[in-house]
2 protein chains.
Amino acid sequence: MSGPLTERRQTILKLVIQEFVDTATPVASETLVRKYRLPVSPATVRNDMAALEELGFLTHPHTSGGRIPTDAGYRFFVENLMERTSLSPAEQRMIRHQFYQVRGELDQWVQLACAVLARTAHNASVATAPRAEQLRFKSLELIAIHETMALAVMVFHGGIVKQQTLPIEPGRTPEDLRRAAGIVSDLLADTTLSRAEELAATATLNGIPLSDFERGLVDLVVRAMQAFEEQAQEQIYSDGLLEMLSQPEFLPASGRDDAERAIERMRRTLEILKSGRGLSPLIPQALASGGVQVIIGGEHGEDAMRDYSVILARYGVEGAIAGVLGVIGPTRMAYPRSISTVRYIASLMSNLLAELYNVNARPSDVATDTQDEQRA
Amino acid sequence: MSGPLTERRQTILKLVIQEFVDTATPVASETLVRKYRLPVSPATVRNDMAALEELGFLTHPHTSGGRIPTDAGYRFFVENLMERTSLSPAEQRMIRHQFYQVRGELDQWVQLACAVLARTAHNASVATAPRAEQLRFKSLELIAIHETMALAVMVFHGGIVKQQTLPIEPGRTPEDLRRAAGIVSDLLADTTLSRAEELAATATLNGIPLSDFERGLVDLVVRAMQAFEEQAQEQIYSDGLLEMLSQPEFLPASGRDDAERAIERMRRTLEILKSGRGLSPLIPQALASGGVQVIIGGEHGEDAMRDYSVILARYGVEGAIAGVLGVIGPTRMAYPRSISTVRYIASLMSNLLAELYNVNARPSDVATDTQDEQRA
DNA sequence: CTTAGCACTCTCGCCTCACGAGTGCTAACC
DNA sequence: GGTTAGCACTCGTGAGGCGAGAGTGCTAAG
């Protein structure tokens, strides 16, 4: 009964989605004909819509009132119907400029990426800090704050820095501290956690046993590395909550029933973003696969995410460091634009990191929007 | 006609506030009599309520339905009626424990303070990072990341650390970097911004002119200090949004009108927290005055804050470093508890910072809840 | 000054009803 | 067979009305 997915039906599906994304209200057959000057009558469109519904691409919230896409409908759109766009050169330039302004301050990159992502895609954004696949120690510096307190600055490969204060015995000179830090740096230079643990056990450098103080420093470093490693689930940064809540999904369209739902949705959204529940399972998946991943509505099985779509991309340097960033919003989302935004910012961040790692750096043309594949 | 503010009327005001804070619904005369076993009849209470209303301490949302406190009512409660409590020892212990777990990692203190504040006061929390009254440079370390990139770690008095990558010419040895950093550290040690700018202009150390590289480093430090100084309005951290949004104020009690308002309130709240609009003017005020400040509803004149109360306290070390932290929530707020929470965490943070500055440090009993005055 | 009694007011929830949008179906048309 | 016009039908939406209940304000008595 449902019939084949003819060319025209695909066009209609595409138009329904476009229209629904624009207006956030169910789209009627007549509207479609009128707005897009279709060369067929509303009745024909209705027939095709019925067929698309049987195929599982559209639904009917109510008997009257138009159609809205299903998750499967969006999926088909993303995979087959959508034209792949890029951000306009002007937007690309603006974004690059913002990153240029915080060049060097790598602790701000993730935050900035979130902010830009949210503003550009008009939805909430999420990102994890880039994480070295294998944390490797680089060096330790000790700086006296006063007689009994020092600041330890541990630097790891890839520009990862961790600072920590520690109490020291009074009477240690800066030279003292520097020498101790130097010894520890030499001992642990370029080691991974497991190797560092071994070296901490022997507690000798070139056969000379370490002093108590130096051993304490080694322990400090090892503990810091363990903390990094253990921190199993990534901290997820996010931004643009307000951006997302301006979407009509969160407006009390009509009736108090709707209003109540809107508020409930709001609260749940907040929970998702704050706790990362429903989001964190997606991270390792996105890390594993390259390209841009699109998860639409309940596809992933997580019930809390039923009404949301997530667009994630991995960024980083192959084999060295990687993180994930993306956009989250209602399933009714401007997929082409969101996807190109995510793709662009991921490649931008990758290039920034590559420069840091001195691989593949393209100093001037840092932000080429590489057309990587979009589905894993 | 209104009559004096007798003892009984004060009691009634207090009970109305307590009851309203508990239940979030307008409180009726009969409820009060029943629940608190008042030795008078509802009619008497009604008369007193009418008097309190004429005095400006209570209002009437509707003709029927009970009374709710006005801003002035809350104000009188906070200043005269409220008994000053402290957090229970168990809670104090729990909070201390959480801070103990991140001892040393001072970049996490503010975040933790926000989180604890929110969870304890069941409202949103805000905090600014501690800021030195006068930024003073301590030392610079340079760590090579690879041949053409180095990480500069600038340390300022009070444990403030700023990191920044910078490009370097290939061929510089670690020893090279160390020497250059040492020279710059010696040159700028303990200087404030203005002095640093002077020294940067002369560009000599002990009469010996600096190399180009060293001059570049000096510039880097000066720019970083300028950025600190210029950053006029403090970045405001916040947490506990979800906590606040669980308050009944943000539930669609009944009627779609209410629901719409709830959503609008939600959005506005988000804006306040994200942008700091309406909040930032309070910061310098709180920094200037010691003790705990309570701003109730529209008292401060900011319209956006009409429905919110803010409880702020300054924390830090006198004459050295200071920040602000506090709680924000609907005017219907458990003031005694919120105030004691803010007071406690502010004193805890102050002690932690004092330890860092080596003044007045009380190593074991770090968290005495000093009973400082509560109004500026 | 306090209290009992009572009329009055106003919200809330529920129901009904009419309207209109949009569909699904049937039958005619190309 | 695909397409179209016509039309009955469905259902959400909003307005209006109504009864119940809660709580007050007032008055008059204790």
Novice: Look at the side-chain N and O atoms of A:His62 and state whether any lies under 4.0 Å from the OP1 or OP2 oxygen of D:dC11.
Specialist: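 It does not, given that no N or O in the side chain of A:His62 lies less than 4.0 Å from OP1 or OP2 of D:dC11.
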
Novice: Counting just side-chain N and O atoms, does A:Thr63 come under 4.0 Å of either OP1 or OP2 of D:dC11?
Specialist: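 Yes, within the criterion.
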
Novice: May I have the distance from A:Asp48 (atom CG) to D:dG1 (atom P), rounded to whole angstrom?
Specialist: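 Interatomic distance, CG of A:Asp48 to P of D:dG1: 17 Å.
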
Novice: Which of the following nucleotides, C:dG24, C:dT3, C:dG5, is nearest to the side chain of B:Arg46?
Specialist: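 So the side chain of B:Arg46 is nearest to C:dG5.
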
Novice: Can you check the B:Glu30 CD to C:dC6 P distance for me, whole Å?
Specialist: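 Roughly 16 Å, once rounded to whole Å.
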
Novice: In plain terms, say whether B:Arg75 and B:Glu79 are close enough for a salt bridge, that is, a side-chain N and a carboxylate O under 4.0 Å apart.
Specialist: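 Yes.
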
Novice: Is a side-chain N or O of B:Arg46 found less than 3.5 angstrom from the main chain of B:Ser41, in a donor-acceptor match?
Specialist: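 It does not hold such a pair.
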
Novice: Measuring from the side chain of B:Arg67 (C-beta onward, heavy atoms only), which nucleotide among C:dT3, C:dT23, D:dT24 has the closest atom?
Specialist: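 Of the candidates, D:dT24 comes closest.
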
Novice: B:Met49 has a side chain; which of D:dT24, C:dG24, D:dG25 sits nearest to it?
Specialist: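 For B:Met49, the side-chain atoms sit closest to D:dT24.
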
Novice: Just the rounded figure in Å: distance from C1' of D:dT24 to CG of B:Leu52.
Specialist: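 Rounding to the nearest Å, CG of B:Leu52 and C1' of D:dT24 are 15 Å apart.
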
Novice: Closer to the 5' end of DNA chain C via nearest nucleotide, is it B:Pro39 or A:Thr31?
Specialist: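 Closer to the 5' end of DNA chain C: B:Pro39.
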
Novice: Within the structure, does a side-chain N or O atom of A:Arg8 lie under 4.0 Å from either OP1 or OP2 of D:dT3?
Specialist: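 So the side chain of A:Arg8 is within the cut-off, an N or O lying under 4.0 Å from OP1 or OP2 of D:dT3.
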
Novice: Figure out the CD/C1' separation between B:Glu53 and D:dT24, and round it to whole Å.
Specialist: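 About 10 Å, once rounded to whole Å.
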
Novice: Taking the basic N atoms (NZ, or NE/NH1/NH2) and the acidic carboxylate oxygens, is any pair closer than 4.0 Å for B:Arg119 and B:Glu91?
Specialist: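 The answer is no: the pair does not qualify as a salt bridge.
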
Novice: Is B:Ser41 close enough to C:dT3 that one of its side-chain N or O atoms is under 4.0 Å from OP1 or OP2 there?
Specialist: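 B:Ser41 to C:dT3 OP1/OP2: side-chain N or O found under 4.0 Å.
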
Novice: Atom CG of A:Leu58 to atom P of C:dT23: distance rounded to whole Å?
Specialist: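 Going from CG in A:Leu58 over to P in C:dT23 covers 11 Å.
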
Novice: Rounded to whole Å, how long is the line connecting atom CD1 of B:Ile12 with atom C1' of C:dC1?
Specialist: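 Rounded to the whole Å, the gap is 13 Å.
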
Novice: So, is A:His60 close to the D:dC11 phosphate, meaning a side-chain N or O under 4.0 Å from OP1 or OP2?
Specialist: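 False: A:His60 side-chain N/O out of range (4.0 Å or more) of D:dC11 OP1/OP2.
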
Novice: May I ask you to decide whether B:Glu19 forms a salt bridge with B:Lys14, counting only side-chain N to carboxylate O separations under 4.0 Å?
Specialist: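 No salt bridge links B:Glu19 with B:Lys14.
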
Novice: Between C:dG22, D:dG25, D:dA5, which nucleotide has the shortest distance from any of its atoms to the side chain of A:Ser64?
Specialist: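 For the A:Ser64 side chain, the nearest candidate turns out to be C:dG22.
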
Novice: What's the CG-C1' distance between B:Asn47 and C:dG5, to the nearest Å?
Specialist: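 Taking atom C1' of C:dG5 as the reference, CG of B:Asn47 is at 14 Å.
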
Novice: Nearest whole Å is fine: how far is C:dG22 C1' from A:Phe20 CZ?
Specialist: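 From A:Phe20 CZ to C:dG22 C1': 16 Å.
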
Novice: If you apply the rule side-chain contact (heavy atoms from CB on, under 4.5 Å), what do you find for B:Tyr74 with B:Arg332, and how did you get there?
Specialist: CA-CA 8 Å; B:Tyr74 284 122; B:Arg332 185 193 63 80; 3.6 Å; yes

Novice: Taking only side-chain nitrogens and oxygens of B:Thr44, does any of them come within less than 4.0 Å of OP1 or OP2 of C:dT3?
Specialist: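 Looking at the OP1 and OP2 atoms of C:dT3, one of them is under 4.0 Å from a side-chain N or O of B:Thr44.
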
